[in-house]
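Counting starts at 1 for both ligands and their atoms, in listed order.
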Amino acid sequence: MNVLVLNSGSSSLKFQIIQTDLELIASNADRRLASGLIERIGSESIITLKAEEKPALKKTAPIRNHRMAIDHIVKWINNKESGIAGVQSLRDIHAVGHRIVHGGEKFTHSTLLDESIVRDIQDCIDLAPLHNPANLKGIYAIHEIFGDSIPQAAVFDTAFHHTMPDHAYLYAIPYAMYRRHKVRRYGFHGTSHRYVAYRYRLMNNLQKKDVNVISLHLGNGCSICAIQNGVSVDTSMGMTPLEGLVMGTRSGDLDAAVLQFLTLKEGFSLAEVESILNKQSGLLGISGLTNDMREIIEEAKENDDRRAKLAISIFVYRVRKYIGSYLSVLKNPAAIIFTGGIGENSDYVRSLICKDMHFLGVKADEDKNKALNGNAGDFATDSSKLGLWVIPTNEELLIARDTVRCVARQELP
Ligand code: ADP
């Protein structure tokens, strides 16, 4: 079956078409047929469309909203010239899988969409006002086009973390705040952490119950997850994706008193401070240059830029502190897994993170580390107690597979 995987952001829409079914999953033979991205929805949009084995098409066009963006993709799918293997028209799309950021406490697994599930996702908007409304726009647009003729599934970033114990997910604030408003830590990037833990299990021939690892997703957004017996027992993002590690534009952990202080000193509203913490902080805020780690490394190395170097130091220091704390909560940790754009591609950042951690049993082989960018493998030395794995993430594949399992009403892993 061919699954259209949609990831709708506030002003962007990413998609993939993945051929998969229960047999292909079992033999790990599912494959991507096409992918694409529409950026800057609401103005002159940049559109990238790519059928596998064909060069990418890049163009600009005014795309007013998500419905128009999906119409654009549908037109491309319906055009035989697009050259998507086995897909001649929309009739060759058999299901849609949506990435949904926040599933609150309600959604502990991926699920087929129906009206009541959509209402429950709407109920989570309070918890994720920046993300869930955009995800829902994708669901509404697909429903307008397909009606009920095609099954749709929702796959939640939060779901993998539903196994966290209460001592890990509760904030130490009055308990009534949790009871009344569900203020707690939920965690995100669950699909990515789950995928790399699964790949690690396959590559090491392990049972799920024997997977005890730390997974580090370092992309534009960054989070770390402690995985015990194959399930999440702690993660660094909180009620929203703002908590935890330093990210491209997010501050990560911060003394909550800073919010009030900035409203007084700078005359900002609370909403403005929150926006600064989400959109103008992290690598961008410290470097004053960019949120892009590649460019920051270049500035640090080639121009000896002081603030670029500081941004890298603060980023790496925060990751190291979290690794230390998660090693202390896991029983028998066996490996650290690096994933996400930075984790997969930057041997430089990986090397800084692992430096001088011998006493924790972490020893990196720098030659192996350099050889791994973009590939899966272990760069620990033979005497290292912990494995140091690079595993490229593939959230879209997991969304497509969960969609297939939901359609087949199979139990979800
Ligand atoms: P997103 O979280 O938006 O999916 P990615 O996972 O693609 O983002 O990660 C984007 C980040 O990865 C950017 O900061 C980018 O600079 C960084 N990155 C990609 N390749 C490299 C590289 N070779 N060296 C350092 N950073 C890299």
- prompt: Would one find an N or O of H217, backbone or side chain, under 3.5 Å from an N or O of ligand 1?
  reply: no
- prompt: With ring centroids as reference points, do W389 and Y200 lie under 6.0 angstrom apart?
  reply: yes
query: Among protein heavy atoms, which lies nearest atom 17 (C) of ligand 1, and at what distance?
result: I342 CG1, 3.5 Å
message: Would you say the rings of H161 and Y186 are close, in the sense that their centroids are separated by under 6.0 Å?
response: no
message: What protein heavy atom lies closest to atom 14 (O) of ligand 1? Include the residue and the distance to one decimal.
response: M293 N, 3.0 Å
- prompt: Has ligand 1 got any nitrogen or oxygen that is less than 3.5 angstrom from a nitrogen or oxygen of K14?
  reply: no
- prompt: Cut-off 3.5 Å, side chains only: do H217 and S192 have a donor facing an acceptor?
  reply: yes
task: Mind telling me whether H102 and F188 have parallel, tilted or perpendicular rings, with 30° and 60° as the class edges?
output: perpendicular
query: Can you list the ligand 1 atoms lying under 4.0 Å from a non-hydrogen atom of D292?
result: 14 (O), 15 (C), 16 (O)
- request: Could you check if a side-chain atom of I297 sits within less than 4.5 angstrom of a side-chain atom of I312, using non-hydrogen atoms only?
  value: yes
message: Under 4.0 Å, heavy-atom basis, I'd like to know which part of N291 is in contact with ligand 1: side chain, backbone, both or neither.
response: backbone
- request: Over 60° means perpendicular and under 30° means parallel, so classify the ring planes of H193 and H189, tilted if in between.
  value: perpendicular
task: Looking only at protein heavy atoms, identify the closest one to atom 26 (N) of ligand 1 and say how far it is in Å.
output: R294 N, 3.7 Å
field: Intermediate values then yes/no, side chain to side chain contact (heavy atoms under 4.5 Å, CB included), T20 and V3
entry: CA-CA 7 Å; T20 175; V3 181; 4.0 Å; yes
message: Need the ligand 1 atom indices (1-based, order shown) with element for anything under 4.0 Å from a heavy-atom of N345.
response: 19 (C), 20 (N), 21 (C), 22 (C), 23 (N)
query: Are any of the side-chain heavy atoms of V233 and L330 separated by less than 4.5 Å?
result: yes
Closest protein heavy atom (residue, atom, distance) for atom 27 (C) of ligand 1: G341 O, 3.9 Å
message: Show the atoms of ligand 1 that are less than 4.0 angstrom away from any heavy atom in G221.
response: 2 (O)
- prompt: Among all protein non-hydrogen atoms, which one is nearest to atom 24 (N) of ligand 1, and what is the separation to 0.1 Å?
  reply: S346 CB, 3.6 Å
Of the listed options N220, I296, T393, closest to atom 1 (P) of ligand 1 (non-hydrogen atoms): N220
